[in-house]
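A short write-up of the structure that comes next.
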Amino acid sequence: MNVLKTLFFIFLLILIFLVIFPLASLLQASFTTTPPGVWTTKYSLDNWIGVLSRAFYYKIVLNTFLVGVGATFLCTVMGLSLAWIISKTNVPYASTLMQLVTVPFYIPPFVGAIAWVTLFGPEAGFINYVLKPIIGGPLLNIYSIPGLILVLGLYYTPILFLICFSAFRSVDATLEESAAMSGAGRLTTLLRITMPCILPAIAGGIILTFTLIIEDFGASAIIGMPSNIYVLSTYIYSLLSQTPPSYGTGTVSATILIAITVIGVYLYTRLTRYSKRYATIVGRIYRPKVTDLGRWKHLAFAFCICYVILSTFLPLLGLLLSSFLRYYTPTLEAFSFYNWEAVFSLPRVARGITNTLIVATLGATIGIFFSLFISYIVYRTDIPKRHILDYFSALPLGIPGIALASALLWVWVQVPGGLYGTIWLLMIAYITRFLPHATRTTSSTIIQIHPELEESAMMCGASRLRSIRSIVIPLAKYGLLSGWILLYIMFTREIACSILLYSTESIVLPVVIFNMWEAGSAGMMSALSIIQIVMIFLPLFIVYKLTRRFAYYGW
Amino acid sequence: MSSSRGRGVSRRGFLTVAVSAIVAGVVAGVGAYYAGTLAAPVKEVTKTLEQTVRETVTRTVTTTLAPGEPVTTTVTATVPVTTTVTKTETLTTTVTETAPAIPPLIDQPMDKIVEGARKEGKLLIYGSMPEAVYKPLIDYFKTKYPFLEVEHFRATSTKLTEKFMAEASAGIFNPDVITLSEISLMMMLARKGLLQPWHHPELEKFWAPAQNPLGYYCSPALEYFTVIQYNKRLVRDEEAPTSYMDLLDPKWYGKIGWVDPRASPVAFMQYYGIRTTIGLDWHKAFAKQKPKLYPSAVPLSAAVAAGELPIGLAESMTGYIRQIIEAAPVSLNVPKEGVIIGYHLAALPIKVPHPNAAKLWIDFLLREETHRWIEENFPLMSLREGIGLTKKIVVNPPIKSYTELNIWPINWEYTADVKVRESLYKEFEEIYLGA
């Protein structure tokens, strides 16, 4: 117990430094005209009054909610149905489908948005260009609110899918079987038994998805900004990247976004307050129950394939095509190998790939164990005030990457020890930024493991740490692995913090890609995006090959 | 037990958030103070600078200027005040142009500097030019000084400035040369005492208003200018707009792209230039054309090359990327009313890891030989007397040198004012985004 208490205080201190310090400097900056973290004696409410008295600002907040709710709704419908079909029914090729529907997860929304622009740009998108003579106009104008919702929805679906999938898999099948034996139909079983069991996981997933979407910068910038559809994150970006940066207004907007998240996190705790009721990984043996869909299974299969085509196949085709075009155009007159040759001749590319690999693998490992201990302390001990850890680690979720980056830059540059400008600083920044995602995963994993297992181990004489090592970690390993993969992917594609914290030595692949976009080299950017997607996909493939039995659990 | 505990937890949790907000406030105070004490080195730097350079001379070009007209100059002097906080006071005087002793950039015989640079072996430039454009220039520099390893850290001017200032506040000075595309950002760095003053005899060979817009802090090496870019497959040459007024034709409704002036310094100057030269009504009329707004000229010119948009209000440099590097079907028209120049200013930070290499680079940027090479091989425009417009860009009507361009004057002092900027951004938002 004392060990855990000491750990609690160590973690508390680390979190205060990692999260509260930059956050407080953002809050402080919203009352001044200086950058976050810089001392001043002049405080005023001017920024707040300036922001809150403009009708324009409310329009942006409204847009943010419209896009956030729309895309989250799309994600929920898609993610839940896909997860249910693949985990709980006899749909053909379930394990292959499982692999396929998670592929969009490897495609950063930023790249996905660019790919969709190459397909559905109103004039020059490949598909609109081909269909225009036939249907007389563009099939879909991507530069619109529905377009933005569609792209965000498609690329954030896999996160919700993965959460729902592991939740469906962990439901005690005996409960469902009892329902069926008592005469409940398939739908009734689904709605009355299965759904309530996985509700906390799904509610958490929906909140996670919503916050990720309203915080999204890349896709919202590529699709929203040219058509003047501003959401909070892109507005903050334009405030912080204007000349000179408007720290005051920018940090006010960031604070408002953080407030929205705090409310979200509060709602999440309300939803999961009876968490013990849902502990379904218990000390009994069970097998997941499979629903026979009958003839409908082909339709379910078609639904999954449709998602794969829209989210992966078509956009990747678009990227591949544009990587072979000297300049981007829907006709093929500019076909060349120029981009691929140019990409491989740049020394920065190799350096970026190496750095990204180191930071992502090592960072994800450290990050996931860090958050496992946080979740364990929060959900398995009686230490007073332990929930502070949970709240602190959830806070970065609401900070838009670009504002967090600015705060981290001004705070970390002051820290002595030569960390600044190295890849280790990037790693710390990534862990900070994605701590909420990691703790969401580890917490829902911990919640699902019933304490009775550990209690029996300890009654048999095992120490607390021993019981963690021999009971919790083995049972949680699939949850941990999916959390690790989540972090690995987030780290491999993180751009907002990297862009302010990198140096020529510590350049990472997403920065190289972003530079290409800024330089307007669409073709080279497409080529690099393909390399990035492969980089994300390969280690996953290796993990899968090495631990074949994950196939049974879907990994 | 379990449910009552669960409820208690969430209430306590909510309280925790409230408490943590208060804690955050306290930590903010302590933290900011901590950061403030650490930020001290900058103030020290400012002081020492002010001791060495008694007076800092800043030249301002007033708005009524046209190219070729005599330059009216006001002189602003930075006066050190004997308090713990450095205070800047602006004095407008009618001092003649005799500048106080500004140290020459090349303060030793050239071979000594070359020898020093050889020992340093490295040069790090913080710059805002796209790599595809800048690399040939660096390669050309390397043919002169092959022993130097040159690194170009590329980001937008705003990000570079923020990064540089944050580093400087912690006493970290990484770059040898900092190159920004906006004068007001340079002005900010100069006023914070983060730049070294220097003088170079070659400066006098440049277009007068650009010789040294800040008063001996940065070189006016190479520039680009604003153009109307159009896609030749979608727009016939004879119907392509040749002036800002042409862009108001209803037939171009929804077909024009522009760069968001809040995001791009050049687009901001263009917004300001049109506002003062043509009038605010132009903006009101143009907003009705529903232009698409891009975060920089680069993706905009890519959209025009792709045919997504027929017309874009872009820059000569991005036009070069499309025309020459990618061989896309685009043409560039120089607007009749006049152009805005995008500056590319190279400055020397107050502390430099490789001082000799830095001097070689700035010296290189000013030399006639370099500008002759630029005329033949490089897409940026030289403002050096007697150098023709780069052959790497084809514009309509054909232009032989910068003297044939109608360059709109900019009041830098005025546009660098934060309050002015914010009010102009707000005005832009009201007109274009319907706020």
Side-chain angles (χ1 to χ4, degrees), chain A residues 16 20-21 23-25 27-28 35 37-39 54-56 59 121 123-124 221 225-228 230 238 241-246 262 266 269-270 273-276 326-330 334 385 387-388 391-392 406 409-411 413-414 420-421 499-500 503-504 515 517-522, chain B residues 2-3 6-7 9-10 12-14 16-17 20 24 27-28 31-33 35-36 38-39 130-132 151 153-154 158-159 162-163 166-167 170 172 182 184-185 188 260 262-263 265 268 292-296 298-299 301-302 305-308 318 321-322 326-328 418 422 425 429 433 435:
Chain A
I16 285 177
I20 302 302
F21 197 70
L23 200 62
S25 60
L27 196 66
Q28 178 238 359
V38 174
W39 175 243
R54 290 187 70 198
F56 178 59
K59 194 175 149 193
E123 299 298 327
M225 281 161 85
S227 36
N228 303 346
Y230 276 86
S238 74
S241 59
Q242 72 189 25
T243 316
S246 177
V262 171
Y266 173 65
T269 8
R270 294 281 293 187
R273 62 185 161 167
Y274 302 118
S275 53
K276 284 204 171 179
R326 196 163 163 106
Y327 66 95
Y328 171 70
T329 165
K385 308 274 177 278
H387 277 267
I388 293 177
Y391 285 108
F392 279 7
S406 186
L409 170 71
W410 286 91
V411 168
V413 79
Q414 323 270 0
Y420 181 77
I499 203 81
L500 273 185
S503 65
T504 44
N515 282 347
W517 179 68
E518 280 187 326
S521 320
Chain B
S2 86
S3 72
R7 213 173 282 144
V9 161
S10 67
R12 190 182 301 163
F14 189 56
T16 321
V17 177
S20 64
V27 176
Y33 178 73
L38 278 172
E131 198 162 9
E151 292 255 28
F153 181 90
R154 200 258 156 199
T158 315
K159 280 194 196 114
E162 179 171 24
K163 190 178 166 74
E167 287 174 356
I172 299 170
E182 216 214 334
S184 69
L185 287 173
M188 204 152 91
D260 190 331
R262 293 167 303 168
F268 174 75
K292 283 205 163 64
L293 297 169
Y294 286 79
S296 98
V298 181
S301 73
E308 187 58 62
T318 55
I321 298 178
R322 307 300 150 216
E326 295 176 348
V418 178
E422 297 218 322
Y425 290 151
E429 284 172 358
L433 308 178

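Below, chain A is the first sequence line, B the second, and so on; all start at residue 1. Any value given below was found using the heavy atoms of this structure, including those in side chains, with hydrogens, waters and symmetry copies removed.
Using a 4.5 Å cut-off between heavy atoms, B:Leu293 contacts chain A through both its backbone and its side chain. In this structure, chain A has a heavy atom under 4.5 Å from the side chain of B:Tyr425, while its backbone stays farther away. At a 4.5 Å heavy-atom cutoff, the contact between B:Glu151 and chain A is made by side-chain atoms alone.
Within the model, atoms CD1 of B:Ile172 and OH of A:Tyr420 stand 6.5 Å from one another, a figure rounded to the nearest 0.5 Å.
For the residue pair B:Phe153 and A:Ser503, the shortest heavy atom distance occurs at CE1-CA, 3.7 Å.
Both the sub-6.0 Å distance and the 45° axial angle are satisfied by B:Arg262 relative to the ring of A:Tyr230.
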